Amino acid sequence: MGRTTGLLPDPILTVGDHNLRYSDEFIEEVRSRNDIVDVVGQYVHLQKKGANYFGLCPFHNEKSGSFSVSQQKQMFYCFGCGAGGNVITFLMKYDNLTFQEAVKQLAENAGMQLPDEDNSPAVKAMRDKKQILLDINKEAAKYYYYQLRGKTGQKGMEYFRERKLTDETMQHFGLGYANVSSHDLVDHLKGLGYSDSQIIDAGLASHDEKMGTHDKFWNRVMFPIQDASQKVIGFGGRVMGDGKPKYLNSPETLIFDKSRNLFGLNYAKNARAGYMIICEGYMDVIAMHQAGFNMAVASLGTAFTTGQAMILKRYTDEVILSYDSDEAGTKAALRGIKILKEAGLRGKVLNLKPYKDPDEFIKNLGKEAFEERIKNAENTFFFEIRIMEEAHDMSDPESKTDFYKEVAKKLCEFEEALERENYIEAVAAKYNIAIDDLRKLVTSYAAQGGMIKTYDRPKSGIQKKTTPEDGAKKNQRLLLTWLTDEPGIFPKVAKWITPEDFSDDLYRSVAKELFEGMSQGTFSPASILDRFTDEEEHGKVAEMFNTNLIEIETKEQRRKAFHDIICGVKLAGYERQKKELKPDDPQFLQKTIQGKKDLEKLTNADISPDD
Ligand SMILES: [Zn+2]
């Protein structure tokens, strides 16, 4: 990247429109050449049921498929977690891509010629914000990388050498160094044309009155954190000497969601070992990769999360937990086991004693010994009961009985009878318990009920209490879904309903697009989504077009449903508009009376979706 002259004009930078690089026509073409069922079908096993396709949601853990894909609407929607959107959104969400990257990938899939990239500063300035933050992080990674290998980076280099890292490993992970100056990175990035606020948003600088905008990281060796597609999204930095905190991580930013990324995943995802190893620190991952265990990843300075487990599930069924051999590590492993279960992954626990962590273990005993430990990794169930055993005094009969009871309760967690029986046998043998006694104990706990499941199921939106507001929105969603399913009813709807009848800004703007498009005969639900940048909004819009209609069998039921929905939407629209009018508005009386009259007329009218 060359030096640009001065700062980019601010107003341009605040433009949030992410479509500016590709024309609407081009995006439309990309979408029409990539059928959503084909694309999603490459990642999710889909089965046709009625008009839609269904599969297991890749964005939350579930056993029955509530993830739906509509070929007609070219949209996906999950009834379990609310994720939704079009084919571009799917790729953005699944592979953590920016809008441009997703469009580019789909265009390439379809063998389309990409329009020439315009790299003028004006266009660059208009790139979406995510891309700017990615560019800044990449520049910072380059900067730290060269610092480590230069004169000022000597301290960092000594540290890595002492940790026995080879030059090749340092290069592989792009390791770097933030020197003792607290302004040099900011100066460097500003020299490249980025503004203070962009550098702060990228997570690389802080601002206060005393120091102005200054580097977040200094006097630290730097570990760039890359997402699955190799983009640098943040950093971890370890202080040189005894400063605090020992490890400092980039804050969460628009591009860095700690709960959905893992350090080392960019390499581990291609390891195909049949399992993945999750550990605590950057150095553990690096040491393992250097020794050939390239299936290792680490959570990012936070506890292992369900989101991270769902990402691992894309690549493997089995995860080996490798936490420190101390009390905190044991606690982390117990938490990790719960998360693996929730995500539907098999787990094992690695025993590294007498060493503290994988890094130390490999340095002392070598990779063959480590390989052996992996082979003998403990099944999570036996790990859990071993920890329980340690908390009991087995020489005391009472304590011993308590332990057996707890084991029996734990055995109730196996839902499948055969699996439960296998574990009962294994436990009885291992702990020298009479198998019939143990089986009886388990059966009696199971009979007490509520014992079968002890871990929390992922929450679905279904149990939520409905409020009048939800009811109004439900009617609006039913109407929007019905319209997209049967565009033919549009003239009948437009006779009574306008976009102004929809209740909040998001619903109103979607309705406006839909009404405009339908009256011109050019409406496509999938293209509406490109007006919205936010992932959450995509889910909400997808929900509007994927609300389950009531079972309708007779023509009379159809007529009644149509009448009820139209009246429901109109009434809520009237109530809302009335609230927005001020009583001292000279037109208050006239408007409310007119509205009421219209409503009465509508209630008594014989309206039908059919002629
Ligand atoms: Zn879902």
Side-chain angles (χ1 to χ4, degrees), residues 35-97 102 227-228 257-262 265 269 304-317 319 338-345 453 455-466 470 473-474 477 480-481 484 506 525-526 528-529 532-549:
D35 186 87
I36 192 161
V37 176
D38 294 341
V39 174
V40 174
Q42 290 166 24
Y43 302 88
V44 179
H45 178 68
L46 295 173
Q47 273 183 309
K48 195 157 192 215
K49 266 190 222 157
N52 293 331
Y53 292 80
F54 282 86
L56 293 177
C57 179
F59 306 117
H60 85 281
N61 183 49
E62 60 174 5
K63 283 184 180 151
S64 63
S66 38
F67 180 81
S68 73
V69 181
S70 160
Q71 196 148 35
Q72 184 229 340
K73 294 172 197 167
Q74 288 294 306
M75 290 176 104
F76 71 95
Y77 181 68
C78 174
F79 292 94
C81 70
N86 61 22
V87 67
I88 301 171
T89 324
F90 179 83
L91 226 56
M92 285 166 73
K93 217 170 144 58
Y94 194 94
D95 279 336
N96 197 17
L97 302 179
D227 68 8
D257 176 353
K258 289 181 190 175
S259 67
R260 286 184 53 85
N261 282 287
L262 289 146
L265 184 67
K269 68 171 188 169
F304 182 42
T305 67
T306 310
Q308 291 170 335
M310 288 305 292
I311 287 170
L312 290 179
K313 201 180 171 183
R314 292 178 187 172
Y315 310 106
T316 189
D317 303 324
V319 174
K338 210 173 142 200
I339 290 190
L340 293 178
K341 269 188 203 160
E342 277 171 10
L345 283 158
K453 275 253 144 296
Y455 63 88
D456 303 323
R457 314 231 103 221
K459 289 175 194 73
S460 77
I462 301 156
Q463 303 115 324
K464 264 193 293 178
K465 276 202 182 135
T466 49
D470 293 338
K473 281 197 177 149
K474 174 104 193 265
R477 285 199 300 274
L480 292 170
T481 300
T484 45
L506 186 65
I528 272 196
L529 286 168
F532 303 97
T533 48
D534 190 66
E535 239 180 57
E536 208 181 308
E537 283 178 343
H538 277 214
K540 282 186 185 157
V541 176
E543 188 189 10
M544 293 180 207
F545 296 133
N546 289 283
T547 296
N548 274 330
L549 287 167

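Atom set for the values below is all heavy atoms of this structure, side chains included, hydrogens, waters and symmetry mates excluded. Whatever order the structure lists them in is the order used to number ligands and atoms, beginning at 1. Keep in mind that this is a model prediction, so the values were computed, not measured.
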Restricting to under 2.8 Å, identify the protein N, O or S atoms around the Zn ion (ligand 1) as residue plus atom. C57 SG, H60 ND1, C78 SG, C81 SG
With K73 as the cation and F545 as the aromatic partner, state whether NZ or CZ is under 6.0 Å from the six-membered ring centre and within 45° of the axis. no
Rounded to the nearest 0.5 Å, what's the gap from OH on Y94 to CZ on F59? Could you check? 8.0 Å
If you look at every heavy atom in C81 and C57, which pair is closest and at what distance? SG-SG, 3.9 Å
Tell me the closest heavy-atom pair linking I311 and L265, and the distance in Å. CG2-CD2, 3.5 Å
Of Y77, F76, Y53, F79, the one forming a ring-ring contact (aromatic ring centres under 6.0 Å, His included) with F67 is F76
Does NZ or CZ of R314 lie under 6.0 Å from the centre of the six-membered ring of Y43, at an angle within 45° of the ring axis? no
